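Notes follow the structure.
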Amino acid sequence: MAFGVPTGTLSSRARIRQMARNGLKTLVLCRFVDVILNFHSSLKKRKEYWLIVKYSKKALEKTKATLRAAGLPIYYEADLSFIVGGGSQVPNVSGLDGCGAIADTAVIPVPSHGIQPPFLNDKYQQSWTRRHAATDPRVEQAVAAVSESSLISSVTELQAYHTRNSYSETIYEAEAYLADRLSNMGFSVETMKFRPDMSPNVIATWNGKDTSQWIVAGAHYDSRSENSSSRTNRAPGADDNGSGTSAMLELAHIVNSTSADFTLERGLKLCFFSGEEQGLLGSRALAAQYKENDVNVVAMVNADMLGYQATSEVTLGFKDRSVTPELVALSKELTTLYVPGLPTADSSSCCSDYLSFWEEGFPSVGFFENGEAASNYPSYHTETDLIEYVNTKQLALETQAVAATVFTLLLD
């Protein structure tokens, strides 16, 4: 990891504070989680629990009291951290959010299995760390094909659904909309039902010359209001995550429109995840399936929230933990090469669907709208998350950056 990975349990307040100073506000926690799962085998039977980390004893006790008052069980405690059960109820408890929105709190959905971070072989170590001094005209063509008007149209159509909450009825309309668009663009489309009470993942496949290697590009298409479980509250989700979903649809359009000009070396799986807002449920199910079936995922590229301009200068953010440093570095370099003038920065926001693939050993990178935290977006998880608050020129630039990485990986 870029900042190092803790190798044992969190044994001291000093260690937590040091990690906070290093920018690991929610830590990487993969090894910590693994220790907990091995030490308390009973936790393996509980599929939906969360790890909470606070940075003061007073804040910790207040949070635990709030959780217990809500009837949520606490299973394990270590210094200023603990495991809490309750599944999708946890993000709805006052003061907690699963995406890094609270400055002094880490809230991470915990997998029900051990974690195996990616190990890069020499080939990818060399390929992803070499200097890309010259542009590839095919990648240039793909990047130039990104259309701001097309992105606006996609986000507008997605926000028109009353809600895309994973439990809602209207998200199935969004699922059908995605499947129809992808099928019409020549992709082989399938759905994955991972829970009976949630909408399925939508997976669109385009074969490359090498059918044994795959690039996964994904975004969650579900949305939420203040209540992550509400089936009826208005949740237009223009930025979160209509923006990332529209970027994936734009990639699909470009793959189709350039297919007569060049053939992809590797295959592409465009994945639209459900259940992200309740704890990465859809992506974890798919990543686990790929792992079990020995699918050779060369890299996973995720886009979650690309449209809010948090600072005076548009800046592309990259998730800074539970990612593959070499792949992040490559993506930053490709952004500079193919989208000059778009600065990049590390983002402390957490977490999104790249984490699910990283946990299964697949190299992963997460694109984000800025170098800040998700809470900087005033309409985050509200009924006012509408396209009027999305900087569509920024969305187009950051989609170009996503395209530069995805097409380089597909054509390399």
Side-chain angles (χ1 to χ4, degrees), residues 127-128 130-155 178 181-182 184-188 203-211 213-219 243-272 297-304 306-307 314 316 318 327-342 344 354 363-367 369 392-412:
S127 175
W128 292 354
R130 74 172 186 265
R131 300 298 299 175
H132 289 70
T135 58
D136 183 327
R138 300 169 299 175
V139 179
E140 285 184 311
Q141 180 181 348
V143 170
V146 171
S147 165
E148 181 183 353
S149 62
S150 176
L151 291 163
I152 291 172
S153 177
S154 294
V155 175
L178 293 172
R181 282 197 60 181
L182 293 160
N184 291 336
M185 287 187 281
F187 281 77
S188 174
I203 302 106
T205 300
W206 189 283
N207 289 325
K209 291 180 183 178
D210 187 343
T211 57
Q213 295 188 27
W214 297 94
I215 303 302
V216 173
S243 60
T245 303
S246 69
M248 293 302 117
L249 289 171
E250 194 67 4
L251 292 183
H253 170 72
I254 296 168
V255 168
N256 174 263
S257 65
T258 58
S259 60
D261 301 322
F262 54 80
T263 301
L264 304 179
E265 297 296 326
R266 297 182 172 114
L268 172 65
K269 289 187 179 293
L270 285 174
C271 302
F272 300 80
V297 177
V298 174
M300 193 280 175
V301 179
N302 191 71
D304 191 350
L306 301 178
V314 171
L316 173 62
F318 285 92
L327 185 54
V328 174
L330 173 66
S331 297
K332 288 180 178 179
E333 183 180 328
L334 293 171
T335 298
T336 300
L337 186 64
Y338 289 101
V339 196
L342 177 60
T344 63
Y354 63 90
S364 302
V365 59
F367 285 73
E369 60 198 3
T392 58
K393 294 188 183 302
Q394 170 181 311
L395 173 57
L397 286 171
E398 296 191 354
T399 300
Q400 286 184 320
V402 174
T405 291
V406 170
F407 276 89
T408 295
L409 293 169
L410 288 169
L411 294 167
D412 195 16

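This one's a predicted model, so the numbers in the text were calculated from it and none came from an experiment.
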With side chain to side chain contact (heavy atoms under 4.5 Å, CB included) as the criterion, how do His253 and Ser147 come out once you've worked through the C-alpha distance, each side chain's angles and the decisive distance to 0.1 Å?
CA-CA 10 Å; His253 170 72; Ser147 165; over 6 Å; no
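- Distance check, rounded to the nearest 0.5 Å: CZ of Phe367 to CG of Asp304 gives 13.0 Å.
- In terms of modelled atom types and a separation under 3.5 Å, the side chain of Thr336 and the main chain of Lys332 share a donor-acceptor contact.
- Rounding to the nearest 0.5 angstrom, the gap separating the CG atom in Leu151 from the CG atom in Leu249 is 9.0 Å.
- The two atoms that bring Ala401 and Val339 nearest to each other are N-CG2, 3.8 Å, heavy atoms only.
- Ser153 places no side-chain N or O within donor-acceptor distance of the main-chain N or O of Ser149, the cut-off being under 3.5 Å.
- Put simply, the side chain of Leu264 reaches to within 4.5 Å of the side chain of Leu411, judged on heavy atoms.
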Assess whether side chain to side chain contact (heavy atoms under 4.5 Å, CB included) is satisfied between Met300 and Leu327, documenting all intermediate values.
CA-CA 9 Å; Met300 193 280 175; Leu327 185 54; over 6 Å; no
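- Put simply, the side chain of Trp206 reaches to within 4.5 Å of the side chain of Asn256, judged on heavy atoms.
- Between Ser243 and Glu398 the shortest side-chain heavy-atom distance does not fall below 4.5 Å.
- Taking every heavy atom of both residues into account, Tyr354 and Gly366 meet most closely at CD2-CA, 4.1 Å.
- In plain terms, the two heavy atoms of Val216 and Cys271 that are nearest each other are CG1-SG, 3.8 Å.
- The side chain to side chain contact (heavy atoms under 4.5 Å, CB included) test with Phe407 is passed by exactly one of Ile215, Val402, Ile254: Ile254.
- Inter-residue side-chain proximity for Leu330 and Leu409 is flagged as met; some heavy-atom pair is nearer than 4.5 Å.
- In the model, Ser331 has a side-chain atom that pairs as donor or acceptor with a side-chain atom of Thr405 under 3.5 Å.
- Here salt bridge (Lys or Arg N to Asp or Glu O under 4.0 Å) pairs that include residues 135-154, with residues two or more places apart or in two chains, are Asp136-Arg138, Glu148-Lys393.
- In terms of heavy-atom proximity, Val298 sits nearest to Trp128 at O-CH2, 3.4 Å.
- Scanning both residues, Pro137 and Thr135, for their nearest heavy atoms gives CD-O, 3.7 Å.
- Rounding to the nearest 0.5 angstrom, the gap separating the OG1 atom in Thr205 from the NZ atom in Lys269 is 3.0 Å.
- Summarising the geometry of Ala396 relative to Val146, their closest heavy-atom pair is O-CG1, 3.7 Å, with the distance given to 0.1 Å.
- Separating the CD atom in Gln213 from the OG1 atom in Thr211 is a distance of 9.5 Å, to the nearest 0.5 Å.
- Residue pairs meeting the salt bridge (Lys or Arg N to Asp or Glu O under 4.0 Å) criterion with at least one partner in residues 249-260, sequence neighbours excluded, do not occur; the list is empty.
- Among the candidates Leu306, Ile152, Val314, the single residue satisfying the side chain to side chain contact (heavy atoms under 4.5 Å, CB included) test with Leu395 is Leu306.
- Taken to the nearest 0.5 Å, the CE atom of Met248 stands 12.0 Å off from the CG atom of Leu178.
- With rounding to the nearest 0.5 Å, the separation of OG1 in Thr258 from CD in Gln141 is 6.0 Å.
- A donor-acceptor pair under 3.5 Å is formed between the side chain of Gln400 and the backbone N or O of Val143.
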